[in-house]
Amino acid sequence: MPRYISDVKAWSMGDVVAGVTVAVTSLPQYIAYAELAQLSGFRGIVASGPPLVAFAFLTGNPCLNIGVTSITALMATADLKGGEYRDAYGEAAWSQILGTYSMMIGVASLALALLNAGSLVKHIPAPVKAGWKLGFALAACAAQMPNSAFEHAKNLKKICQLPNFRGAPLQSGAANMYRLAWSLTHPHFWDAEAVAFSAMTLFIVMYFKSPLKVIVASALGAGISYLRSYSGDVVGRPPPGSELRITGELGADLTSWVHQWPWEMPLDETVNRLGGWPLAVMSAVAFAFVDYLAIISVEAERPAPGGSRPNREMAGQGLGCIASGMGGSAPIGGSLTRSMLAGMIGASSPLMGLVCGLVTMCLGFPMIATLLEPTPKAVLSSTVLAAVLPAVVAPKDLLRLKGSDALVGWVSAAGTCLTDPTKGFGMGCAFYFFIYGLRKSTKTHPK
């Protein structure tokens, strides 16, 4: 039987130690993935605790850790064209739209769980998953390149002119991939200090095995940035009112993390941003399916001792997304690195997730913001690059494929990086079933 948090006998000190350790070591990731979602880094900390707490009461996997990941941040931003929206209306308005989309994905996840759809996700074609993984990794690299190589990320858009396609500049993923290729072939435009921070971070994160390596890299980056008065992009001060504060009023203190309640969310504007209700529903459902793939991949590496129930885990994903949306942040997903760390330390029950969530919420107070302020964005972007570069350099799952399966995989990869992860996933599935139909037809009616 799965171990739920109500099984008090399964609680252990390892849960507490693992929860605290994962929360502290994940701090740079919370910031980096918030930046990836076009939010201030500090908002990523404040909004990361409540989803963990909500998920802990449903999951049956003691090691499974959730939160905003590079996948969910990039997908949501791509679906909503977040960079354009934030530039036009500011971060406060963007966080409301993003949070509303997170809530919609949460509701879709809950509906799918009630319809017993959790078990269907396991039947997604392997070639599509392999291609999508490479396409997403390339898209993540493209999203992180501006901060990793330039002191000011906006400089890349100024110096790299996009070519026209059918009378208009390249859009969406195609534009990002063009800028990535341009940046890699024009290293003389890179800024030396940003590159130095990135190289230092990549070396520490990729070549050391300590679970504290991300903390060490971020602390070194922040210290050097402070001492040298680094003039490039840094985490900076949190937006006014985004910090957690103790007022002495129990109700206000318990809900101080809430950025918007569900009934206050700009639902109509978000739906219009997605192209109307039919497309909005399709986007939310597709996102929920793709998002659940991360939980499946984590459970494949760290299976629950007593097994797990797919629909209950999907419902937990739904509650986590709703909580993240209320915090004005991106949807949540399963995190393999944090889950592996929790298992290595000795987590034995979902108490680990509850402790991790509560400790993470404590990290959202102003004194933490002061320490994080000088952290270069080049350091944060490089922590994301360290996580996705292995999938780009050696896409093992995709390279193992042969024949028509390989064709499906490469089409999925191209669709994902040239459009966005959600559309790429849909294109891959459609192409797989088209090829499957051709193969079946050939076998049924041989020449």
Taking Gln144 as the fixed residue, which of Ser70, Ser381, Ser198 is the one that meets the side-chain hydrogen bond (donor to acceptor under 3.5 Å, both in side chains) rule?
Ser381
To the nearest 0.5 Å, tell me how far Leu202 CG sits from Leu389 CG.
6.5 Å
Determine the minimum heavy-atom distance between Ala378 and Phe197, stating which atoms define it.
CB-CB, 4.0 Å
What I'd like to find out is whether the side chain of Gln260 reaches to under 4.5 Å of the side chain of Pro266, using heavy atoms alone.
yes
What one should report as the nearest heavy-atom pair of Gly318 and Leu110 is CA-CG, 4.2 Å
Nearest-0.5 Å distance, CE of residue Met265 to CE of residue Met103:
5.0 Å
How many angstroms lie between CZ in Arg273 and OG1 in Thr100, if you round to the nearest 0.5 Å?
13.0 Å
Hey, could you give me the CH2/CD1 distance between Trp132 and Ile124, rounded to the nearest 0.5 Å?
9.5 Å
For Tyr432, enumerate each residue passing the ring pair (Phe, Tyr, Trp, His ring centres under 6.0 Å) test, keeping only those at least two apart in sequence or located in another chain.
none
With heavy-atom distances below 4.5 Å as the criterion, would you say the side chains of Phe55 and Pro350 are in contact?
no
Does Ser95 reach the main-chain N or O of Ala92 with its side chain, forming a donor-acceptor pair under 3.5 Å?
yes
Nearest 0.5 Å, please: how far is CD1 in Ile159 from CZ in Arg179?
11.0 Å
Any chance the side chains of Thr59 and Glu313 put a donor and an acceptor closer than 3.5 Å?
yes
Quick check: does any side chain N or O of Ser26 sit under 3.5 Å from a backbone N or O of Ala23, one acting as donor and the other as acceptor?
no
Tell me, do Glu91 and Gln38 make a side-chain contact under 4.5 Å, heavy atoms counted?
no
Would a distance-only check, ignoring hydrogens and angles, find a side-chain to backbone donor-acceptor pair under 3.5 Å from Thr72 to Val68?
no
Under the side-chain hydrogen bond (donor to acceptor under 3.5 Å, both in side chains) test, which residues partner Tyr178, sequence neighbours left out?
none
Mind checking whether Leu36 and Thr77 have side chains closer than 4.5 Å, heavy atoms only?
no
Donor-acceptor pair, side chain of Lys213 and main chain of Ile204, under 3.5 angstrom:
no
When the aromatic ring centroids of Phe208 and Phe203 are compared, is their separation below 6.0 Å?
yes
Note, Cys141 side chain near Val392 side chain (heavy atom, < 4.5 Å):
yes
Is a side-chain donor or acceptor of Ser324 paired with a backbone partner of Ile332 at a separation under 3.5 angstrom?
no
For Asp87, side-chain hydrogen bond (donor to acceptor under 3.5 Å, both in side chains) partners two or more places apart
none
Full working for side chain to side chain contact (heavy atoms under 4.5 Å, CB included) between Glu35 and Leu39
CA-CA 5 Å; Glu35 297 278 356; Leu39 297 172; over 6 Å; no
Assess the residue pair Ser218 and Leu27 against the criterion (side chain to side chain contact (heavy atoms under 4.5 Å, CB included)); give the C-alpha distance rounded to whole Å, side-chain angles, the decisive distance to 0.1 Å, and a yes or no.
CA-CA 9 Å; Ser218 299; Leu27 195 60; over 6 Å; no
Hey, are the side chains of Leu134 and Trp410 touching, using non-hydrogen atoms and a 4.5 Å cut-off?
yes
Can you tell me if CE on Met282 sees more than 12 non-hydrogen neighbours from other groups inside 6.0 Å?
no
Distance-only polar pair, side chains of Glu269 and Tyr85, donor-acceptor under 3.5 Å
yes
Assess the residue pair Ile295 and Gln317 against the criterion (side chain to side chain contact (heavy atoms under 4.5 Å, CB included)); give the C-alpha distance rounded to whole Å, side-chain angles, the decisive distance to 0.1 Å, and a yes or no.
CA-CA 9 Å; Ile295 290 180; Gln317 170 184 291; 3.7 Å; yes
Is the backbone N or O of Asn65 less than 3.5 Å from a side-chain atom of Arg338, with the two atoms forming a donor-acceptor pair by type?
no
What verdict does the side chain to side chain contact (heavy atoms under 4.5 Å, CB included) test give for Met104 and Leu267, after you've listed the backbone C-alpha separation in whole Å, the side-chain angles of each residue and the deciding distance to 0.1 Å?
CA-CA 9 Å; Met104 292 170 62; Leu267 185 60; 3.9 Å; yes
Any idea which heavy atoms bring Leu64 and Met352 closest together, and the distance?
O-CE, 4.1 Å
Which heavy atom of Thr416 sits nearest to which heavy atom of Phe425, and what is that distance?
OG1-N, 4.1 Å
Test your reading of the model: is there a side-chain donor-acceptor pair from Ser225 to the backbone of Pro374, 3.5 Å cut-off?
yes
Is there a donor-acceptor contact under 3.5 Å from the side chain of Trp190 to the main chain of Ser183?
yes
Salt bridge (charged side-chain N to carboxylate O under 4.0 Å, His left out) assessment of Asp397 paired with Arg400
CA-CA 5 Å; Asp397 293 339; Arg400 291 193 190 103; 2.8 Å; yes
Just so I know, are the side chains of Val235 and Leu380 near enough to count as touching, which here means a heavy-atom distance under 4.5 Å?
yes
Under the rule for side-chain hydrogen bond (donor to acceptor under 3.5 Å, both in side chains), what residues qualify as partners of Asp79, not counting sequence neighbours?
Tyr101, Thr422
Specify the closest pair of heavy atoms between Cys321 and Ser102, including all atoms of both residues, with the distance to one decimal.
CB-O, 3.4 Å
Checking Trp182 now: which residues fulfil ring pair (Phe, Tyr, Trp, His ring centres under 6.0 Å) with it, not counting sequence neighbours?
His186, Phe189
Does any part of the side chain of Asp291, heavy atoms only, come nearer than 4.5 Å to the side chain of Ser109, both counted from C-beta?
no
Glu151 CD to Glu193 CD distance, which is reported to the nearest 0.5 Å
5.5 Å
Residues passing the side-chain hydrogen bond (donor to acceptor under 3.5 Å, both in side chains) test with Asn155, sequence neighbours excluded, are none
Under 3.5 Å, side chain of Gln171 to main-chain N/O of Ala168, donor-acceptor pair present?
no
Residues Leu401 and Ala130: closest non-hydrogen pair is CD1-CB, 4.2 Å
